[in-house]
Amino acid sequence: MIEPRTLKGFRDHLPAQALARERVLEIARRVYRSYGFAPIDTPALEYLEILTGKGSDETDKQLYRFQDHGGRDVGLRFDLTVPFARFAAQHVHELGLPFKRYHMAAVWRGENTQRGRYREFMQCDFDTIGTASPVADLEMVLVVHDLLAAIGIERFTIRLNDRRVLAGILGRLGLADQSMSVLRSLDKLGKATPEAVAAELAAHGVAAEAAAALLEMASLAGPPVDVLARLSALVGDEEQGRAGVAALAVIVARAREAGVPDGRVAIDPSIARGLDYYTGIVLESFLDDLPALGSICSGGRYDNLAGLYTKQHLPGVGASLGIDRLLAGLEELGRVATVETPAEVFLVHFDERHIADYLRIATAIRAAGMAVEFFPEAKKVGQQLKLAAKRGFPAALVIGSDEFAAGTAQFKNLSTQQSVTIDWHGDLHVLADAVHSQLEAAKHT
RNA sequence: GUGGCUAUAGCUCAGUUGGUUAGAGCAUCGGUUUGUGGUACCGAGGGUCGCGGGUUCGAGUCCCGUUAGCCACCCCA
């Protein structure tokens with residue numbers, strides 16, 4: 001016998017989990033579409049050269065790669081952004097610009113696993129390519145906000161920064177060459193003490209004065225307007241940095257005007273993002289109740305990525321919801337429903353002699369737009385109801401010989417255990433309509 | 001990838017200094033109740049103790065390896 005098992009970091013999804021995931025996917029789809037993003041799809045497997053050297057050394061290491069049967073060097077996509085840049089370069093002429101797309105699909109990363117970190121997980125990306133407009137940047141923030149709010153998360157923070165601010169300050173301090181190692185050290189703030197980080201910076205050859213300025217920058221917090229004022233001072237008259245601060249200021253102001261509540265958007269100068277391709281605004285979002293989970297939705301502007309595949313200038317901006325990590329977080333917070341069925345009505349199989357009637361009833365209920373499961377066996381009613389309750393059906397329909405004789409039906413609310421008698425006199429339309437209104441009423445209890 | 005912790009029935013866990021047929025609660029199935037689910041009682045099924053080696057007269061219990069999960073680093077979704 002073969003032991004049934006799954007690879008490290010790869011998971012099965014049981015109905016309760018799969019239903020929760022589909023609910024979030026539906027919300028994401030709805031929100032993306034509400035801004036005009038159109039669906040696309042790309043292959044899971046790409047030529048290796050398409051994927052390597054785009055994110056960072058780290059992402060190259062985590063890439064799943066192998067030779068296919070034809071001896072081609074191939075890789076499983078690491079994210080959805082790089083394949084999209086290839087897609088955009090390849091299809092610009094058919095798309096028209098700017099082009100907005102969403103893409104919800106699995107990606108693969110061969111890294112060590114942890115809660116909310118898997119080797120196969122699904123991302124829900126949306127991007128706008130072919131425009132450098134600040135409106136597209138702002139829209140990214142608005143979509144992320146709408147998305148997390150629509151999912152039903154009350155407490156979250158979207159943390160913004162701009163690569164140009166970092167680059168500007170580093171340039172001003174004469175540290176442009178060591179930006180990666182400096183950023184990596186700064187990233188440890190919060191976990192390590194400022195003194196320890198300062199020591200690490202000194203080890204990298206950063207002068208004490210510069211280190212102090214960097215530490216001040218990275219630890220800035222508070223209302224966005226205040227942080228921006230301080231950043232503005234740190235940036236001085238460095239051109240790039242000023243552009244970054246100005247861009248952030250616009251986004252903060254516009255987001256507020258667009259109705260994003262204060263406190264949900266923060267400026268966090270310590271957010272750098274490990275992906276090399278970001279050039280402007282960068283964003284990470286966190287659950288306030290579970291910050292250790294890491295970012296659940298991240299993105300930014302990447303103005304040169306598609307340039308790797310075409311001479312045409314295709315600036316892009318977009319973000320990605322990590323739905324598997326988000327669900328791991330919601331589950332930990334007890335916010336994932338335990339429903340195991342997509343159906344709304346459980347039709348009890350009471351009497352085998354009425355199978356034809358049950359099937360007609362089920363058909364009528366389905367025709368009225370409801371999902372109904374007819375139990376295949378005439379087991380004890382108690383057992384059937386118990387299973388229905390366990391699966392999370394909101395309601396059961398009980399129709400036995402007595403009910404058939406009287407032309408009635410019992411509509412049972414499975415959460416309140418209350419039964420209502422429906423008079424339908426053999427008219428399937430009457431029955432379906434009554435079930436529909438009872439179901440609506442039950443949903444509001 | 002590096003380091004640490006964990007691994008016993010579907011789930012949560014007991015299992016005494018290694019010693020005869022590995023236990024409990026919950027869950028599942030059946031019965032008390034051939035027409036009604038979260039209560040009660042009775043009964044049943046289910047584990048080669050993650051897997052593979054080793055030490056020993058004897059290993060769930062000790063050692064090594066391996067696989068998986070979790071935690072930290074790293075990085076991020």
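When reading the values below, keep in mind they use all heavy atoms of this one structure, side chains included, and skip hydrogens, waters and symmetry mates. Proteins come first, then strands; the chains are lettered A, B, ... in the order of their sequence lines, and each starts at number 1. A quick note: this is a predicted structure, and the numbers were derived from the prediction, not measured.
Here the C1' atom of nucleotide B:rA77 and the CG atom of A:L25 are 14 Å apart, to the nearest Å. The interatomic distance linking A:L293 (CG) with B:rC71 (C1') rounds to 14 Å, in whole Å. Across the protein-nucleic acid pair, A:F78 atom CZ and B:rC75 atom P stand 13 Å apart, rounded to whole Å. Spacing between atom CD of A:E377 and atom P of B:rG35 amounts to 16 Å, rounded to whole angstrom units. Counting to the nearest Å, the C1' atom of B:rA77 and the CD atom of A:E58 are 15 Å from each other. Look at CD1 on A:I323: it is 11 Å from C1' on B:rA77, rounded to the nearest Å. One can place CZ of A:R109 at 17 Å from P of B:rC74, the figure rounded to the nearest angstrom. Across the protein-nucleic acid pair, A:Q418 atom CD and B:rG38 atom C1' stand 15 Å apart, rounded to whole Å.
Across B:rA44 and B:rC49, the matching P atoms stand 24 Å from one another, rounded to whole Å. For B:rC63 and B:rU56, the C1' atoms lie 12 Å apart once the distance is rounded to whole Å. B:rC5 and B:rG58 are spaced 29 Å apart, taking the P atom of each and rounding to whole Å. Taking the P atom of each, B:rC71 and B:rC29 are spaced 34 Å apart, rounded to whole Å. Distance check on atom C1': B:rG18 versus B:rC57 gives 12 Å, rounded to whole Å. Between B:rG25 and B:rU20, the distance separating the two P atoms is 22 Å to the nearest Å. B:rG37 and B:rU33 are spaced 14 Å apart, taking the C1' atom of each and rounding to whole Å. For B:rU12 and B:rU28, the C1' atoms lie 16 Å apart once the distance is rounded to whole Å.
In this structure, A:R109 forms a cation-pi arrangement with A:F78, its terminal cationic atom sitting closer than 6.0 Å to the ring centre and no more than 45° off the ring axis. Note that A:R101 lies in the cation-pi zone of A:F84, set by a 6.0 Å cut-off to the ring centre and a 45° limit from the axis.
Side-chain contact of A:S415 with A:N413: a donor-acceptor pair under 3.5 Å is present, judged by distance alone.
Note on A:T81: nothing from the nucleic acid sits closer than 4.0 angstrom, heavy atoms only. Nucleic acid contact for A:D125: none, since no nucleic acid atom lies under 4.0 Å from a heavy atom of the residue. Within 4.0 Å of A:G9, counting heavy atoms only, lie sugar-phosphate atoms of the nucleic acid but no base atom. At the heavy-atom level, A:Q384 lies nowhere under 4.0 Å from the strands shown. When heavy atoms are screened at a 4.0 angstrom cut-off, A:C124 is found touching no nucleic acid atom at all. Within 4.0 Å (heavy atoms only), A:G116 reaches at least one base atom of the nucleic acid. No contact: A:L387 has no heavy atom under 4.0 Å from any strand. Within 4.0 Å of A:N112, counting heavy atoms only, lies at least one base atom of the nucleic acid. Using a 4.0 Å heavy-atom distance criterion, A:D351 is classed as making no nucleic acid contact.
Closest approach to the A:Q383 side chain among B:rC75, B:rG30, B:rG35 is made by B:rG30 (side chain taken as heavy atoms from C-beta onward). Among the nucleotides B:rA68, B:rA77, B:rG31, the one closest to the side chain of A:K8 is B:rA68. Distance from the side chain of A:K379 is smallest to B:rG30 among B:rG30, B:rG1, B:rC75.
For a distance-only test at 3.5 Å, the side chain of A:R117 qualifies as a donor-acceptor partner of the base of B:rC75. A donor-acceptor contact under 3.5 Å is formed by the side chain of A:E403 with the base of B:rG35. Residue-to-nucleotide contacts include a donor-acceptor pair under 3.5 Å from the side chain of A:E111 to the base of B:rA77.
Residue-nucleotide stacking is present for A:F121 and B:rA77, judged by a side-chain ring centre under 5.5 Å from the six-membered base ring centre and planes under 30° apart.
In the displayed structure, A:Y47 atom OH is contacted under 6.0 Å by at most 12 heavy atoms of other residues, nucleotides or ligands. More than 12 heavy atoms of other residues, nucleotides or ligands shown are found within 6.0 angstrom of CG on A:D423.
Using a 4.0 Å cut-off, some side-chain N or O of A:K386 falls inside it from OP1 or OP2 of B:rU28. At least one side-chain nitrogen or oxygen of A:K380 sits closer than 4.0 Å to the OP1 or OP2 atom of B:rG31. An OP1 or OP2 oxygen of B:rA77 is reached within less than 4.0 angstrom by no side-chain nitrogen or oxygen of A:S320. In this model, the phosphate group of B:rC71 is approached by a side-chain N or O of A:R115 to a distance below 4.0 Å at OP1 or OP2. Considering only side-chain N and O atoms, A:Q114 lies under 4.0 angstrom from the phosphate OP1 or OP2 of B:rA72. When the side-chain nitrogen and oxygen atoms of A:T113 are compared with OP1 and OP2 of B:rG69, one or more of them lie within a distance under 4.0 Å.
With sequence neighbours excluded, the residues that form a salt bridge (charged side-chain N to carboxylate O under 4.0 Å, His left out) with A:D357 are A:R360.
The shortest heavy-atom contact between A:L51 and A:G75 is CD1-O, 3.4 Å.
Two rings, from A:H145 and A:F156, have their centers less than 6.0 Å apart.
Each of A:R11 and A:S415 was assigned the nucleotide of RNA chain B with the nearest heavy atom; the assignment lying further toward the 5' end belongs to A:S415. Nearest-nucleotide assignment on RNA chain B puts the 5′-proximal partner with A:A292, out of A:L326 and A:A292.
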Please table the atom pairs, donor to acceptor, closer than 3.5 Å between any side-chain atom in residues 345-352 of chain A and protein atoms at least two apart or in another chain.
residue	atom	partner	partner atom	Å
A:H349	ND1	A:F375	O	2.9
A:H349	ND1	A:P376	O	3.4
A:D351	OD1	A:R353	N	2.9
A:D351	OD1	A:R353	NE	3.2
A:D351	OD2	A:R353	NE	3.3
A:D351	OD2	A:R353	NH2	2.7
A:D351	OD2	A:S401	OG	3.0

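Between A:Y278 and A:Y302, the ring-plane angle classifies as perpendicular under the 30° and 60° cut-offs. Using a 30° and 60° split on the angle between ring planes, A:H354 and A:Y358 fall in the perpendicular class, above 60°.
With a 3.5 Å limit on both pairing distances and Watson-Crick or G-U wobble geometry required, the stems of 3 or more pairs in RNA chain B span B:1-7 with B:67-73, B:10-13 with B:23-26, B:28-32 with B:40-44, B:50-54 with B:62-66.
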